[in-house]
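This report concerns only the one structure given below.
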Amino acid sequence: MEKLEILKKYWGYNSFRALQEEIIDSVLAKKNTIALLPTGGGKSLCFQVPAMAMEGICIVVSPLIALMKDQVANLKKIGIAAATIYSGMSAREMDIVYSNCLYGETKFLYVSPERLKTDSFLQNLQIMKVCLLAIDEAHCISQWGYDFRPSYLEIPNIKPFLEKVPVIALTATATEKVIQDITDKLQIKGASVFTKSFRRDNLNFIILDEAVKAPRLLKLCQNIKGNGIIYTRNRKKTVQISFWLQRMGIQSVAYHAGMDRAEREKSQNDWISGKSRIIVATNAFGMGIDKADVRFVVHVDIPDSIEAYYQEAGRAGRDGKESWCVLMYSDDDIYKAKNMLEDSFPSIRRIKEVYEMLGNFFQLPIGSGKDQVFSFSIHDFCRQYDINATDVFHSLKFLEKEEYIVFQEKEDDYSKVQILFNKQDLYRFQIRNKGLDHLIKILLRNYMGIFTEYSKIEEKQIAIRLNQKESEVVQNLKLLQKHGVIDYFPALSTPKIVYLNPRLHRRSVNIDPKNYTTLKEKRKEKLEYIERFIEDKVHCRSRIILSYFGESDSDRCGKCDRCREIKNRGINQEEFEKISESILSFLSQKELTAAEISDNFDFTQEKLIHQILTYLLEQKVLQENNYGKLAVVERDDYKSE
């Protein structure tokens, strides 16, 4: 089937977006390919469409379990066989997935990067017919990226098993340095690189210095028509802000990773369907969400990096219509962001202590525990060991990055069932066990593929259909399992810890101090950059962002708060930035009076120089001393990494 036929049949589109077709053609020509497409650029289709046109299975490496599950669910909805393997699945679940990849019709296998080095994956990989290797979120392979994952370095080790199989690496946020690192680390020198400009002419970037944010936030929600997202770093604040907006007469819902699955799904569906106009969320929301008509995105807290900010803000205006990206901050927010960064790096000693406590908490002997899954309560853990919850959370995240464990926060709170009997044996069982017949029929009618793979079920919905209590349904499912008819995994309502390796003695836990320091310094640099971006009083917001991603020759956007203010003063924007840069350069050498600064320019520009100096003084970029000399309060240099 041709690429356009595939696009139309499965996704319902008549044409490709910018660059998609060129990337797809590169993959179909069996070329190694790197695709840098900003958020909303349609990255997934760049490997899904060519894979559908090729014979064999496409392996997709992705770092986020939730995102993998969403992608698999979306593919199944449109009739494409897909599956996923990640830490925390039972051995039987994995065996069934592998069997379907080898002997069934599975077209896409999504795997978490830590699975790549396991014996079971490598053994099955050798006998799979693979047509394409897709690396999603490819910036994770680079230590210069904003979310480095050591397990991504395992990817080149599977390439000997994939002779002549093309590789496509995809990312939405990467600097030139990161792109080069992706090329080197994946060993795909000479790869075709496709980069779509990060410029979004329909987005208005506005930064607001607001100590008290509520009045301005309400005004924004009232004045900007259409759907919106409000991002905050605090789970509790998502609920508080959403409830407050509701009291103000604005339909809104909250979303964060600590909510149970049903609550998260309801919030997401209410927002996507338009039942609720605004969703107030942590950064747990947004991955895999394709809603084109988002008219505004507001950040009420400072993001960790330009990459994170642009990815979240870029969820506005995917339909090309004018949209608003607003970031509200105060000096106190900057102070809090720095403290939060410090808190996110517990000492190496503390991280090792948490690892040791964890093993003791689960009563796990040293040398055991590999691939075991444990329910985990941070509250109980902290109470037992009298330890700060923030330290525990970030220590677990660091141990996960170092691939000792996987820490899943309510990622897997579905129940799962697979029928183990064949159809003939199942029919005979139903005749002999009339009391369980209706339950079996409900499973058969409502869950396609239940004979060949695990199906997600909701006991509550089954109980409603059977007019029974939920507890009775659970009891009968367990009875079916006891008879060997089904394999049943009840939902876990608590987070989970998965041991990727046998438990080690604390002394054997290796956390490289150099890597730890490098990671912390890199995070500091990224936070400092976004602080300078926020506090900048001279440069076009769009140009700062584009310069960060390597587009250094872009025009001023004319839409951001800085461009609008300069335009309102009747000053030519290009002249303003050029002259401002010169003034700041002069004053970085020594203090000068306004007259001395004017002497450095053509006399015909005297009025313009005066306007610009007045603006720079008002914005506290410059200050004047008692002798009439001007000096720089703050000097910002924006350079691509």
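Sequence positions, counted from 1, serve as the residue numbers for this chain. The structure presented is a predicted model; accordingly, all values stated were derived computationally and were not measured. Keep in mind that the numbers below use all heavy atoms, side chains included, and drop hydrogens, waters and symmetry copies.
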Mind checking whether [X] and [Y] have parallel, tilted or perpendicular rings, split at 30° and 60°?
X: Phe549; Y: Tyr310; value: tilted
X: Phe407; Y: Phe376; value: perpendicular
X: Phe345; Y: Phe398; value: perpendicular

Would you please name every residue forming a ring-ring contact (aromatic ring centres under 6.0 Å, His included) with Tyr404, sequence neighbours left out?
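With neighbours one apart ignored, the set is Tyr355.
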
Of Glu114, Lys496, Glu400, the one forming a side-chain hydrogen bond (donor to acceptor under 3.5 Å, both in side chains) with Ser87 is Glu114

Side chains of Asn157 and Glu154: any donor to acceptor distance under 3.5 Å?
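Checked: Glu154/Asn157 side chains pair up, N/O donor to acceptor below 3.5 Å.
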
Report yes or no: do Arg350 and Asn388 form a side-chain donor-acceptor pair below 3.5 Å?
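Asn388 and Arg350 do not have a side-chain donor-acceptor pair below 3.5 Å.
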
Between Lys526 and Glu531, does at least one N-O distance fall below 4.0 Å, as a salt bridge requires?
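Looking at Glu531 together with Lys526, the answer is no, because their closest N to O distance does not fall below 4.0 Å.
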
Under the 6.0 Å and 45° cation-pi test, does Lys416 pair with Phe489?
yes

Phe374 and ring pair (Phe, Tyr, Trp, His ring centres under 6.0 Å): which single residue from Phe362, Phe381, Phe361 fits?
Phe362

Does the side chain of Asn234 come within less than 4.5 Å of His256's, by heavy atoms?
no

Lys236, NZ: over 12 other non-hydrogen atoms inside 6.0 angstrom:
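Incorrect, the count does not exceed 12.
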
By side chain to side chain donor-acceptor pair (under 3.5 Å), which residues pair with Lys76, not counting sequence neighbours?
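Listed in chain order: Glu453.
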
With Ser151 via side chain to side chain donor-acceptor pair (under 3.5 Å) - residues at least two apart:
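Ser151 satisfies side chain to side chain donor-acceptor pair (under 3.5 Å) with Glu403 once adjacent residues are dropped.
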
